[in-house]
Number of protein chains: 4
Amino acid sequence: MPRTREENERIRQMAKENISRAAIEVFIEKGYHAASIDDVARRAGISKGLLYNYFSGKADLLRELILSRIEEIVQVMKEAATKPTPVEQLMYIAEHALHNVQERPSVYRFYLHIQTHPEADEVVSTYSQLLKDEMTRQSKHQVDIFRKMGVPNPHLQSLHFSTALHGMMLMYATYPENFPLPELKVKMLSTFF
Amino acid sequence: MPRTREENERIRQMAKENISRAAIEVFIEKGYHAASIDDVARRAGISKGLLYNYFSGKADLLRELILSRIEEIVQVMKEAATKPTPVEQLMYIAEHALHNVQERPSVYRFYLHIQTHPEADEVVSTYSQLLKDEMTRQSKHQVDIFRKMGVPNPHLQSLHFSTALHGMMLMYATYPENFPLPELKVKMLSTFF
Amino acid sequence: MPRTREENERIRQMAKENISRAAIEVFIEKGYHAASIDDVARRAGISKGLLYNYFSGKADLLRELILSRIEEIVQVMKEAATKPTPVEQLMYIAEHALHNVQERPSVYRFYLHIQTHPEADEVVSTYSQLLKDEMTRQSKHQVDIFRKMGVPNPHLQSLHFSTALHGMMLMYATYPENFPLPELKVKMLSTFF
Amino acid sequence: MPRTREENERIRQMAKENISRAAIEVFIEKGYHAASIDDVARRAGISKGLLYNYFSGKADLLRELILSRIEEIVQVMKEAATKPTPVEQLMYIAEHALHNVQERPSVYRFYLHIQTHPEADEVVSTYSQLLKDEMTRQSKHQVDIFRKMGVPNPHLQSLHFSTALHGMMLMYATYPENFPLPELKVKMLSTFF
DNA sequence: AATGAATGAGGTTTCATTCAT
DNA sequence: TATGAATGAAACCTCATTCAT
């Protein structure tokens, strides 16, 4: 008797998730370029062939990871929007971003690594662009939040906020040892609110 | 009449610089991994074989580039030290960094890409560590400058300054279009001085 | 109530024919080597696994197609034998062959492709040999027909007839556009009868 | 001291010829699809890598062989054109074609195999089309020869001649044993001239 | 009878590096 | 010093076949 379609679908779903998990692990450890399909398959505990049953290639794995990342970003911004005041919304965004980089600096490093890939790498570039586009879209929302706060130049103020935030994330991800993230967070936020 | 040893050394040095220049161009365009030795040799206008006469391999090329980058950083900090006041010194550092990223964002992107390379990539990691170490050393100098300014917590203040600076550099390098670098620079510096 | 053995056999036969039909379609479109078992199964509307229930592998599919082709050839020769005179018999053979290549040049192309497969390809070679053997056998019958006509050298005459016929089939199959098959047929047949 | 450019050019030329020779041998033995790059490289006595130094892939090898074949065809037609009378020209073409297929039936088989490749195989199709185009071009010349002979319908007559010729070639290449090529040649030519 | 997940061998291709010249 | 032919390991990817369900 063959498996039912639902059963197969469940198997497929679990396999895809298993592979995606293995992929980000390996990509983080070795980098996208240096990681081989074999590495990912071995980490996932499956054969190379099966991996190709689920993903059309290495680039497709990256695409999947980037789409997940985008999903995360969208989710955070949605959650932020539920907060009652603009300040609380911005605080939520900052807290969340810093918490994430603190919990898993290597993940942030990885996406930063991808975003700084040379343009000539078409495959990476294409998918990396998706992430960039989404961040552009979200930054518009952030400008709106500043606008609601009634600050003089919301666009500039929003960019200022983002640069400060990303600066902290970048430095923490690069030098996680001895980086006084909590103190700096306080200092940074105090200059804005 | 044979060339003197000095002359030979000078010629050798120029050849190395030519290759290094070609290497960073190609690495920026294609990325370290995707760039091939052949690409670099062709760009330098020499043969693969001759390249190996000057550099022991691809990793050695990267090492040379990173050493140059370190040299640059040291140089800037030295120049900053010649300025009369701490504030002027910090302004010099900031102006220089922002000017550089504005002039050649791809160079900044490249080194950021290298610095976010995963630890598991031994070759890159080893040389990337050199850069990291140097930046740690220079950040100590920067703390000293803040200390001379007499601010309450020079260490924290220095890190705050660096995060703000690197945040701007990162964002400009990632979204060079429509990024109001001059305005943000003014805004950022005004919060510090 | 279980199906009778005959019924089962009939169902099995129909399934095999369905698969065979799909196989020749796919083989003609992609070629034997390039076609995948998956392609064939998908075309037949069944799963890969089920295909293996009916055929022992890719080579077996080819074998089946070649056996069908042989069956066709035998059939045509049998039908020809029912014609009253030798000339009518030969005319029937020629008409049939040309009609077939005109209707489905790609089928003729396919079997020609198979017949020109190199000897080293053991699998194809083995089955292709079956076809060759059958054609040799049928050509003997054709010699008999010429013998009945009372021509001087029936063997040579028969071969001459075959070369002319196959030459036309080959050229029509290779250049179906603008090939004046009817005119040539008349011209060719007029030289023989 | 590096080799001179001429020396390198000579090495390249010889290597290419060596590889081409190996390629047609292997393709004839195994067929284009079944032959692997490794097979060709091993037959040529070189490494896989070196083969890629000279040919951009398997398809490029095929292209080279087909271009050679076209060269041959053009050459034969040129030589035929030097004969004084149309009949001698046609005789030359026929003699040459039959002589070739008799000497190396496997070569004729191979190109026939390629020409009967399914259209869906884009790579083979592209190069095979070159051969087809050339044959179309040459067939125009052949029509001219018949026209000079003053026959009623030179186009049809030329096609008739070609089908007869190719029919013989096809049958000889398929059943080289016991095929009375000389006798058939005489018979066939006697019907035309 | 029926499915498609799973395997692994085998194919194509790239490229850092070596070396004869 | 200088060249580029030559190597081979390692990467990506495909697909005939098996097998648990």
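Quantities reported herein were computed from a predicted structural model and do not represent experimental measurements. Every chain is numbered from 1, with letters handed out A, B, ... down the list of sequences.
The CD1-C1' distance, from A:I19 to E:dT7, rounds to 13 Å in whole Å. The distance from atom CG of A:N8 to atom P of E:dA2 is 16 Å, rounded to the nearest whole Å. Taking atom CD1 of residue A:I46 and atom P of nucleotide E:dT7, one finds them 7 Å apart after rounding to whole Å. Going from atom CG of C:L50 over to atom P of E:dA2 covers 5 Å, rounded to whole Å. The separation between A:K48 atom NZ and E:dG10 atom P is 12 Å, rounded to whole Å. For D:Y52 and F:dA10, the OH to C1' distance is 14 Å, given to the nearest whole Å. The distance from atom CG of C:D60 to atom C1' of F:dT17 is 14 Å, rounded to the nearest whole Å. As rounded to whole Å, 13 Å separates atom P of F:dA5 from atom CZ of D:F55.
Residue contacts shown for A:Y54 are limited to sugar-phosphate atoms, with no base heavy atom under 4.0 Å away. Within the nucleic acid shown, A:R5 has no heavy atom closer than 4.0 Å to any nucleic acid atom. Within 4.0 Å (heavy atoms only), C:G57 reaches sugar-phosphate atoms of the nucleic acid but no base atom. Among the protein residues, B:R42 comes within range of no part of the nucleic acid, since none of its heavy atoms lies under 4.0 Å from any strand.
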Just to be sure I follow the notation: if a pair is Watson-Crick (purine N1 to pyrimidine N3 plus N6-O4 or O6-N4) or a G-U wobble (N1-O2 and O6-N3), each under 3.5 Å, what dot-bracket string does DNA chain F give, with | for pairs to another strand?
.||||||||||||||||||||
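Within the structure, every side-chain polar atom (N or O) of D:R12 is placed at least 4.0 Å from both OP1 and OP2 of F:dG4.
The aromatic rings of A:H33 and A:H117 are tilted relative to each other, their planes meeting at an angle between 30° and 60°.
In this structure, OG on A:S56 lies 10.0 Å from CD on A:E64, to the nearest 0.5 angstrom.
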Go through B:R69 and B:V107 one step at a time and tell me if the side-chain contact (heavy atoms from CB on, under 4.5 Å) criterion holds.
CA-CA 10 Å; B:R69 179 68 165 184; B:V107 171; 3.9 Å; yes
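Checking F:dG8, F:dA2, E:dA1 against every side-chain atom of B:N53, the shortest atom distance belongs to F:dA2. Nearest to the side chain of D:E7, among F:dA16, F:dA5, E:dT21, sits E:dT21.
The stretch residues 27-41 of chain C has no heavy atom under 4.0 Å from DNA chain E, so no residue of it qualifies as close.
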